[in-house]
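Notes follow once the structure below has been shown.
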Amino acid sequence: MEFRDYIAILGGLVGILATFTGIMWMLVQQINKRIDTVEKRIDSVEKRIGELREDIKELREEVKEINRRVDGLKEDVNRKFSELKEEIREFKDYMVLEVPHKRRLHRVSVIKLPHKQGE
């Protein structure tokens with residue numbers, strides 16, 4: 001083999017190496033594009049997670065406020081119910097003590113009234 005043959009073989013190998021390098025460079029570019037796409041998606045997801053965390057904090061505060069309102073309403077209902085029970089007790093006491101007495105007085109007063117025909 002002559003020197004020219006070695007140069008030709010070497011030139012062919014360099015061509016193959018250049019082609020392989022070009023293909024590898026294209027693959028690296030595609031991989032980098034995919035990495036960039038994934039990083040953008042990750043950033044987008046992290047942003048959304050941050051927004052959701054803020055929403056959760058706001059909802060927790062709203063739930064706390066609602067619980068405070070409900071507790072206040074429960075206290076009002078319990079107070080009103082206690083007042084109503086007390087009024088019912090007072091009314092029952094009145095009915096037990098006063099009404100039968102008035103009925104007796106009423107009966108007595110009816111008996112004491114003169115009859116129109118009999119007098």
Side-chain angles (χ1 to χ4, degrees):
M1 283 180 80
E2 291 187 25
F3 185 70
R4 276 191 248 161
D5 294 334
Y6 288 115
I7 295 292
I9 291 172
L10 188 60
L13 289 174
V14 169
I16 292 170
L17 183 62
T19 304
F20 180 73
T21 305
I23 292 171
M24 293 306 282
W25 178 252
M26 288 176 14
L27 289 173
V28 167
Q29 285 179 337
Q30 287 181 351
I31 290 170
N32 284 337
K33 285 180 184 177
R34 289 186 182 182
I35 289 173
D36 289 342
T37 303
V38 169
E39 286 177 346
K40 287 178 184 176
R41 288 181 183 172
I42 289 171
D43 291 342
S44 174
V45 168
E46 287 176 347
K47 180 182 175 187
R48 184 65 183 138
I49 288 172
E51 292 171 355
L52 290 173
R53 284 184 178 149
E54 289 297 320
D55 291 346
I56 288 171
K57 286 179 185 177
E58 291 174 8
L59 289 173
R60 283 182 180 162
E61 291 174 9
E62 289 178 13
V63 166
K64 286 179 184 177
E65 179 62 29
I66 289 170
N67 285 338
R68 273 183 260 166
R69 289 180 184 175
V70 167
D71 290 342
L73 290 173
K74 283 180 183 177
E75 291 173 4
D76 288 346
V77 167
N78 287 338
R79 183 175 41 79
K80 296 273 185 183
F81 188 70
S82 296
E83 291 174 0
L84 184 61
K85 283 171 55 176
E86 184 61 33
E87 287 180 21
I88 290 171
R89 262 190 232 117
E90 290 174 1
F91 183 73
K92 283 181 179 178
D93 291 345
Y94 170 78
M95 292 298 288
V96 167
L97 296 175
E98 298 294 324
V99 172
H101 177 70
K102 286 184 177 179
R103 283 183 186 163
R104 274 186 253 135
L105 289 178
H106 185 268
R107 286 181 190 152
V108 169
S109 65
V110 170
I111 292 172
K112 289 183 180 177
L113 289 176
H115 197 276
K116 289 182 181 177
Q117 287 180 350
E119 285 194 41

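- Environment of CZ in Arg53: sparse, with no more than 12 heavy atoms of neighbouring residues, nucleotides or ligands closer than 6.0 Å.
- With a 4.5 Å cut-off on side-chain heavy atoms, Glu2 and Asp5 count as touching.
- A salt bridge (charged side-chain N to carboxylate O under 4.0 Å, His left out) with Asp76 is found for exactly one of Arg79, Lys74, Lys80, namely Arg79.
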Take Arg89 and Glu86, measure what side-chain contact (heavy atoms from CB on, under 4.5 Å) needs, and give me the verdict at the end.
CA-CA 5 Å; Arg89 262 190 232 117; Glu86 184 61 33; 2.9 Å; yes
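- A distance of 9.5 Å separates CG of Asp55 from CD of Glu62, quoted to the nearest 0.5 Å.
- A 4.5 Å side-chain heavy-atom check between Arg68 and Lys64 finds at least one atom pair inside the cut-off.
- Ile66 belongs to a hydrophobic cluster with Val70, counting contacts under 4.5 Å between side-chain heavy atoms of Ile, Leu, Val, Met, Phe, Trp and Tyr, direct or through other members.
- For residues 19-39, no pair satisfies side-chain hydrogen bond (donor to acceptor under 3.5 Å, both in side chains), with sequence neighbours left out.
- Between Glu51 and Arg48 a salt bridge is recorded (basic side-chain N to carboxylate O distance below 4.0 Å).
- Interatomic distance, Lys92 NZ to Ile88 CD1, rounded to the nearest 0.5 Å: 7.0 Å.
- In the hydrophobic clustering of this structure, Ile31 does not group with Val28; members are Ile, Leu, Val, Met, Phe, Trp, Tyr whose side-chain heavy atoms approach within less than 4.5 Å, directly or through other members.
- Through direct or relayed side-chain contacts under 4.5 Å between Ile, Leu, Val, Met, Phe, Trp and Tyr, Ile49 connects to Val45.
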